[in-house]
Amino acid sequence: MSALDGIADTTASVSHRDEMLALMEVQRRAFLADGPPDAATRRNRIDRLVSLMVDNADALVDALVQDFGSKSRLGTVSTEIVGCIAQIEHTRSNIPKWMRESKLLRVGRALGIRAEVVPSPLGVVGIIGPWNFPVQLVIVPAVAAFAAGNRVMIKMSEVTAATAELMKTLAAQYFDPAELAVVTGDATAAADFSTLPFDHLLFTGSPGIGKLVQRAASDNLVPVTLELGGKNPVVVAPDADIRRSASRIALGRMVNGGQVCVCPDYVFVPKGQIDAFVTHAKDTLAAAFPSVVDDPEYPASVNQANFDRVIGLIEDARLHGARVETVVPQGEDLPDPESRKIPPTIVRDVDDRMRIAHEEIFGPVLVVKPYDQLSEVVDHVNARPSPLVTYWFGPDRADFREYLRYTRSGGVARNEFGLHMLPAAAPFGGVGNSGMGAYHGKAGFDTFSHRRTVVGSDLPFSVTTSSAVQPFSRAARAIAAITIRSARRRTRRRLGGDGRLVSASVPTTSDLR
């Protein structure tokens, strides 16, 4: 019998907050009644989620192609399904180890004090998915939430409606809604979803919407993980292979038609090599895409709004003096509003008057900028919101390490697109404007867990109370005095004085550059 018996039509498309709240309460009651699940139950839920995905891979790809209008089937199955299987298997295999409590104060055990930290599931986790990878980016966080022992509710993006409806139908076939429920509906439903009193909420999308989600969640003090985007910079080092760098960066920009939060957005190239870089990039793009309009696998903009937005960025840059170079197959008229296809585009001579200098592009457009000194690049990157990833093309030498030291980003990849996401154990997340919190691997397990400290004493005398409330014993007074004197001597010895900020030996920020 379903745990939702008695709640009418809650497995249908849910768009009203009261219905979503009722569904969430069913999951919470089931969670409280059953208690934290064992490792076998968690693995079983993950296995069913993987089965949902791989058993229906063709149908999911069909739905995604329908939503985009034009999209590579092989590229879709690679990024949406194949690409996350190793990550899921890593999580599944480590569940028993991650569930173990951590022992503290081991010496104290012989004296009658037991201390441990127990990873505990939070309860009901909400996941708001994006439209650019609407399968992978709800499946992977759901796996992490299951691994930690939680129940899961997913709000699919309304932009990819066919995929959302299919995921809702499939979820009902593989899960009791008290374990996993998929919610569909328009932007109003997504807004309502973010106001629910979840035990944790994960959102993947733009920084602008992320701010609204966090604001809504704050009314219920719901902790949030925000996986956002931003303008990801690329640096081509002076000693990099310019042909190989140009080729990889150009193709990295074209993944999913540039509609990827970790795509290269703008690239710094040594001033003397910029013409060679652009030539090699254009040659690579022309060879990769001999046709655009008639190629059913060339990714289209997901909808008219995104098509118009990207075209608007290009035209605004052109209007303000940028050099716009498109790679258009012979005989084709692009961009094409009917198919929503934009040709691979390179934009040079960009300045801060242009919208493209500030807005995440999220399309098949790459900005190329010259530089003379690495300090110019560092200053430019640091003057802007922290990106989700920064790329470096060139050897791992002193200049690369200097760039790492003086810039900030969610992740770093060298010589390859998205390479920082390859290790299954590596956390994935942004910083500042590109997000907060992380998942993938143990980071995901920890995100959806509460590390609960449990300490007990079997001693016949008080350990803490006697030092915190009167009557105070002579021993308590002596211990306090001795502890302070010892700490004073120790810190003065380390600081070489009394610790006040008067010593010339104290470093300043200018000393670090």
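Side chains are part of it too, since the values below use all heavy atoms of this structure and drop only hydrogens, waters and symmetry mates.
- Every residue two or more places apart in sequence or in another chain that forms a side chain to side chain contact (heavy atoms under 4.5 Å, CB included) with Ala246 is listed here: Phe277, His280, Ala281.
- For the atom pair CE (Met99) and CZ (Phe445), the distance works out to 6.5 Å, reported to the nearest 0.5 Å.
- In this structure, CD on Gln66 lies 11.0 Å from OG1 on Thr160, to the nearest 0.5 angstrom.
- Minimum heavy-atom separation, Ala424 to Ala86: CB-O, 4.2 Å.
- In terms of heavy-atom proximity, Glu297 sits nearest to Leu74 at OE2-N, 4.4 Å.
- Considering only heavy atoms from C-beta on, Ser120 stays 4.5 Å or farther from Pro36 through its side chain.
- Of the listed residues (Thr195, Thr188, Asp192), just one forms a side-chain hydrogen bond (donor to acceptor under 3.5 Å, both in side chains) with Arg17, and that residue is Thr195.
- Checking side-chain atoms of Ser409 against main-chain N and O of Ser386 turns up no donor-acceptor pair under 3.5 Å.
- In this structure, the ring of His380 has its center no less than 6.0 angstrom from the ring center of Tyr371.
- Judged by distance alone, the side chain of Arg253 and the main-chain N or O of Gly258 form a donor-acceptor pair under 3.5 Å.
- No donor-acceptor distance shorter than 3.5 angstrom exists from the side chain of Gln27 to the backbone of Asn150, with no hydrogens or angles considered.
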Practice task
Show your reasoning for whether side chain to side chain contact (heavy atoms under 4.5 Å, CB included) applies to Thr345 and Val324.
Solution key: CA-CA 7 Å; Thr345 303; Val324 177; 3.7 Å; yes
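- Using a 4.5 Å heavy-atom threshold, the side chains of Ser194 and Lys155 count as separate.
- Once rounded to the nearest 0.5 Å, the distance linking NZ of Lys71 with CG of Asn256 reads 3.5 Å.
- Residues Val234 and Pro264 share a closest heavy-atom pair of CG2-CB, 3.5 Å.
- Relative orientation of the His420 and Phe428 rings is tilted, given thresholds of 30° and 60° on the angle between their planes.
- Between the side chain of Asp67 and the backbone N or O of Ala161, at least one donor-acceptor pair lies under 3.5 Å.
- Looking only at atom types and distance, the side chain of His200 has a donor-acceptor partner in the side chain of Thr225 under 3.5 Å away.
- Considering only heavy atoms from C-beta on, Pro134 stays 4.5 Å or farther from Met167 through its side chain.
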Exercise for the section: Go through Glu402 and Arg405 one step at a time and tell me if the salt bridge (Lys or Arg N to Asp or Glu O under 4.0 Å) criterion holds. Expected result: CA-CA 5 Å; Glu402 181 182 356; Arg405 182 179 182 187; over 6 Å; no
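- Remark: Glu165 engages Lys168 in a salt bridge, criterion side-chain N to carboxylate O under 4.0 Å.
- Under the 3.5 Å distance criterion, with hydrogens and angles disregarded, no donor-acceptor pair is assigned to the side chains of Ser449 and Asp446.
- Among all heavy-atom pairs drawn from Met254 and Leu285, the shortest one is CG-CD2, 3.6 Å.
- Residue Arg452 qualifies as open at atom CZ: its count of foreign heavy atoms under 6.0 Å is 12 or below.
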Exercise for the section: Go through the steps for Ile88 and Met53 under the test side chain to side chain contact (heavy atoms under 4.5 Å, CB included), then give the verdict. Expected result: CA-CA 12 Å; Ile88 293 171; Met53 183 173 62; 4.0 Å; yes
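- The main-chain N or O of Gly441 is found under 3.5 Å from a side-chain atom of Gln87 such that the two form a donor-acceptor pair.
- A salt bridge does not link Arg92 with Glu89: none of the charged nitrogens is closer than 4.0 Å to a carboxylate oxygen.
- The aromatic rings of Phe193 and Phe198 sit tilted, their planes meeting at an angle between 30° and 60°.
- Side-chain contact between Phe289 and Val327: absent, with no pair of heavy atoms (C-beta onward) separated by less than 4.5 Å.
- Contact check for Leu180 versus Ile154: side-chain heavy atoms found under the 4.5 Å cut-off.
- A salt bridge is absent between Lys341 and Asp295: the closest approach of a Lys/Arg side-chain nitrogen to an acidic carboxylate oxygen does not fall below 4.0 angstrom.
- Considering CG of Asp265 and CG of Leu388, their distance stands at 11.5 Å, rounded to 0.5 Å.
- Of all non-hydrogen atoms in Pro197 and Met24, the two that sit nearest each other are CG-CE, 3.6 Å.
- Atom CG in Leu201 sits 11.5 Å away from atom OG in Ser218 (nearest 0.5 Å).
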Problem - CA sep, side-chain torsions, deciding dist, call: Tyr391, Tyr403, ring pair (Phe, Tyr, Trp, His ring centres under 6.0 Å) - result: CA-CA 10 Å; Tyr391 291 95; Tyr403 181 69; over 10 Å; no
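- Heavy-atom contacts from other residues, nucleotides or ligands closer than 6.0 Å to CG of Asp58 number 12 or fewer.
- Taking both residues in full, the closest heavy atoms of Val140 and Cys84 are given as CG2-CB, 3.5 Å, listed atom of the first, atom of the second, then distance.
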Exercise for the section: List the steps, then state whether salt bridge (Lys or Arg N to Asp or Glu O under 4.0 Å) holds for Arg151 with Asp199. Expected result: CA-CA 10 Å; Arg151 311 297 173 113; Asp199 297 293; over 6 Å; no
Practice task
Assess whether side chain to side chain contact (heavy atoms under 4.5 Å, CB included) is satisfied between Phe146 and Ile95, documenting all intermediate values.
Solution key: CA-CA 10 Å; Phe146 277 154; Ile95 288 173; over 6 Å; no
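- Counting only distance, with no hydrogens or angles, the side chain of Gln304 and the backbone of Arg340 share no donor-acceptor pair below 3.5 Å.
- Side-chain atoms of Arg248 do not come within 3.5 Å of backbone N or O of Phe417 as any donor-acceptor pair.
- Between Leu170 and Gln173, some side-chain heavy-atom pair lies under the 4.5 Å cut-off.
- Within the 4.5 Å cutoff, the side chain of Ile81 has heavy atoms near those of the Val54 side chain.
- The side-chain heavy atoms of Ser301 and Asp308, taken from C-beta on, include no pair separated by under 4.5 Å.
- Distance alone, capped at 3.5 Å, is enough to place a donor-acceptor pair between the Thr447 side chain and the Ala438 backbone.
- Judged by distance alone, the side chain of Lys231 and the main-chain N or O of Pro387 form no donor-acceptor pair under 3.5 Å.
- The distance between the ring centers of Phe448 and Trp98 does not fall below 6.0 angstrom.
- To the nearest 0.5 Å, the span separating OG1 on Thr76 from CD on Gln136 amounts to 11.5 Å.
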Practice task
Evaluate the criterion side chain to side chain contact (heavy atoms under 4.5 Å, CB included) for residue pair Val260 and Phe133; output intermediate values, then yes/no.
Solution key: CA-CA 8 Å; Val260 187; Phe133 293 105; 3.7 Å; yes
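- When atom types are taken as modelled, the side chain of Arg408 and the backbone of Asn382 share no donor-acceptor pair closer than 3.5 angstrom.
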